[in-house]
Number of protein chains: 2
Amino acid sequence: MATGRTHRPATRSRGIPEATVARLPLYLRALTALSERSVPTVSSEELATAAGVNSAKLRKDFSYLGSYGTRGVGYDVEYLVYQISRELGLTQDWPVVIVGIGNLGAALANYGGFASRGFRVAALIDADPAMAGKPVAGLPVRHTDELESIITDNGVSIGVIATPAGAAQQVCDRLVAAGVTSILNFAPTVLSVPEGVDVRKVDLSIELQILAFHEQRKAGEETTSAQEPAAAVQPRSSAAARTPAAGRAAGKGPDGDVPAVMPA
Amino acid sequence: MATGRTHRPATRSRGIPEATVARLPLYLRALTALSERSVPTVSSEELATAAGVNSAKLRKDFSYLGSYGTRGVGYDVEYLVYQISRELGLTQDWPVVIVGIGNLGAALANYGGFASRGFRVAALIDADPAMAGKPVAGLPVRHTDELESIITDNGVSIGVIATPAGAAQQVCDRLVAAGVTSILNFAPTVLSVPEGVDVRKVDLSIELQILAFHEQRKAGEETTSAQEPAAAVQPRSSAAARTPAAGRAAGKGPDGDVPAVMPA
DNA sequence: AAGTGTGAAGCTGTTCACAGCA
DNA sequence: TGCTGTGAACAGCTTCACACTT
């Protein structure tokens, strides 16, 4: 979720809805796969299925980009790949730095999805002097002292923060001061940035918590379920292994008790 | 309205808006920090700032949980921590399995945010026989052959997929068949699952692409047009030939390029 | 006086359904 | 005929503003 408030004043829109922007990479991936199989054209229906959305939404999304399809036929795969890439800014090279080369940082450095879409890892940066010079994913880790010069020398405008939560804001401030205007934050903290800087957050623990919420809900409704779609796999055998969520009575206990939850 | 009494809203309706659910973990984290500093109460304004949202939204969100605040005072920190934890289902233990112990899988296994919120890593699973038995984050990696028995024996209902894209669907099918009903997918693929199974996706490359989109726009705004053609490639002649293209950005890099994009 | 809880207004995003074009 | 492109209806989320409570 982007935190940094930004973007134009509503008027004079040339704007593509944010929700649409978020789906373009999805379409691009599906189109790339088709392109590799040399499929020349696709219908909105086929592409939508491949991307995991419904066709009306896909057509609407594409309508914001322009009229790139052919009625009665569909979309030209190669052409669409190009148009979406261009719209997303992937036809240019984006140097990025990854700060915090722990388990996650190393995983990111090795992640093929970055390099394959116009993102080039310009440098890996870590605060631990012992890490300096050590090669990770083929690049030598640089020390935090060099952060500013690396940003400047490489014209980096996108930074990835994979440090512990405690160091994130400080790293963020330095990145921004050095010229970075887009940040992908993996640290479990809310970053505050000046206007004009975009922040997107990826929080592993939050995703799991959202799943737990729905999981809990399912457990509490098992009594009512009866219908099972044909193709469904066998409805499971031992859901009982885990506590069936008990009816969370919720008598609304008086006050604080049962903390059980810890920091993250 | 949600009165906090019964958890059965008469109809099979959602109850708490999805957008609200997605923010609860955020509030929880902020509250936990306050709790550690022994702060007894907070106002919606303070808590909202700490969580990075605005206060009206926060109050609205909390109103779906019930009336847990005190007018003129604010919210009791401990009590709220408990209520949100309960609502999210974090007062119970959730065993999870992580499948695919590569860079990312290992990073996830080591991620403290899991264990600290009721999520217990029941097992690490990988298809590589050479990995079997090797300890990662204190747990021995188990071979994929054992997947089903691990799920069943531990009553696992949440699975994390961190395999390469090509293996994801197959792993997903096996997890679901074994009884998993919630999946957190890190592989860059659309997973298809039977009704009743929840899938959440975390896609590193997509996040970067979204940032690139906004970054590109910022650059274009600085000086009316005047874009630096970083590394535009050539356009597919066939593509350019078949469409009226029309509108917008036309000019641009004369034509476009196409690929440079790869699978992930 | 301070701050929650919430109708109501306003937005954004999704779905429908069909006109229009190849 | 087949499928895109899109106005219009709909649904969900956010923001406003203020009545109400402590």
Side-chain angles (χ1 to χ4, degrees), chain A residues 1-3 5 7-11 13 15-24 26-27 31 39-49 51-77 79-80 83 210 252 255, chain B residues 1-5 9 11 13-24 26-27 31 39-77 79-80 83 210 241-248:
Chain A
M1 329 329 232
T3 304
R5 261 296 57 98
H7 310 147
R8 61 192 58 208
T11 40
S13 68
I16 297 178
E18 193 55 37
T20 294
V21 171
R23 281 187 294 267
L24 292 181
L26 228 51
Y27 301 143
L31 284 165
V39 176
T41 61
V42 265
S43 65
S44 62
E45 196 66 57
E46 295 166 322
L47 184 53
T49 301
V53 303
N54 77 48
S55 64
K57 193 184 289 182
L58 178 145
R59 288 199 302 279
K60 190 63 133 182
D61 283 341
F62 285 179
S63 78
Y64 294 117
L65 307 183
S67 292
Y68 295 149
T70 305
R71 293 169 197 239
V73 178
Y75 301 90
D76 179 284
V77 173
Y79 187 58
L80 245 195
Q83 289 300 342
I210 295 171
K252 195 189 191 94
D255 268 291
Chain B
M1 204 85 312
T3 53
R5 296 284 304 295
T11 51
S13 72
R14 193 58 282 151
I16 300 177
E18 193 54 38
T20 294
V21 171
R23 281 188 295 268
L24 291 182
L26 228 51
Y27 302 143
L31 284 165
V39 176
T41 61
V42 266
S43 65
S44 62
E45 196 65 57
E46 297 167 321
L47 184 53
T49 300
V53 304
N54 78 47
S55 64
K57 192 184 289 183
L58 179 145
R59 287 199 303 280
K60 191 63 138 183
D61 283 342
F62 285 179
S63 79
Y64 293 117
L65 307 183
S67 292
Y68 296 148
T70 304
R71 292 169 197 239
V73 179
Y75 301 90
D76 180 284
V77 173
Y79 186 57
L80 246 195
Q83 289 300 342
I210 295 171
R242 75 165 2 301
T243 310
R248 333 201 333 156

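So that the names make sense, note that chain A is the first sequence line, chain B the second, and so on, each numbered from 1.
- A/Arg23 is linked by a salt bridge (Lys or Arg N to Asp or Glu O under 4.0 Å) to A/Asp61, counting only residues two or more places apart in sequence or in another chain.
- A/Leu65 has its CG atom 14 Å from the C1' atom of D/dT6, to the nearest Å.
- Here the C1' atom of nucleotide D/dC13 and the CD atom of B/Glu18 are 12 Å apart, to the nearest Å.
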Write out a two-atom table: protein N or O, nucleotide N or O from nucleotides 19-22 of chain C, distance below 3.5 Å.
{"residue": "C/dG20", "atom": "N3", "partner": "A/Arg71", "partner atom": "NH1", "Å": "3.3"}
{"residue": "C/dA22", "atom": "O4'", "partner": "A/Arg71", "partner atom": "O", "Å": "3.4"}

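- To the nearest angstrom, C1' of D/dT1 lies 17 Å from CD of A/Glu45.
- The distance from atom CG of B/Leu58 to atom C1' of C/dG3 is 12 Å, rounded to the nearest whole Å.
- Per the geometry, CD belonging to A/Glu46 stands 8 Å off P belonging to D/dC3, to the nearest Å.
- Taking only side-chain nitrogens and oxygens, B/Lys57 never comes nearer than 4.0 Å to OP1 or OP2 of D/dC13.
- Note: CG (B/Asp76) to C1' (C/dT4) measures 15 Å, nearest angstrom.
- Atom CD of B/Gln83 is separated from atom CG of B/Asp76 by 10.5 Å, given to the nearest 0.5 angstrom.
- Atom-to-atom distance recorded for A/Thr41:OG1 and A/Leu47:CG is 11.0 Å, nearest 0.5 angstrom.
- For A/Asn54, a side-chain nitrogen or oxygen approaches OP1 or OP2 of C/dT15 to under 4.0 Å.
- Ring centers of B/Phe62 and B/Tyr68: at least 6.0 Å apart, outside the cut-off.
- Following rounding to the nearest Å, B/Phe62 (CZ) and D/dT14 (C1') show an atom-to-atom distance of 16 Å.
- Contacts of A/Ala48 classified as side chain to side chain contact (heavy atoms under 4.5 Å, CB included), with partners at least two apart in sequence or in another chain: A/Val53, A/Ser55, A/Leu58.
- Listed candidates were D/dG5, D/dA17, D/dC13. Nearest to the side chain of B/Arg59 is D/dA17.
- Among C/dT4, C/dG13, D/dT6, the nucleotide with an atom closest to any side-chain atom of B/Tyr75 is C/dT4.
- Residues A/Leu65 and A/Thr20 form no side-chain contact, since every pair of their non-hydrogen atoms from C-beta on lies 4.5 Å or further apart.
- Atom CZ in B/Arg59 sits 9.5 Å away from atom OG in B/Ser43 (nearest 0.5 Å).
- The residue among A/Arg23 and B/Lys60 whose nearest nucleotide of DNA chain C is located toward the 5' end is B/Lys60.
- We find that CD1 of A/Ile16 is positioned 15 Å from P of D/dG5, with the value rounded to whole Å.
- Listed nucleotides D/dC13, C/dA17, D/dT14 differ in distance to B/Pro17; the shortest reach to its side chain belongs to D/dC13.
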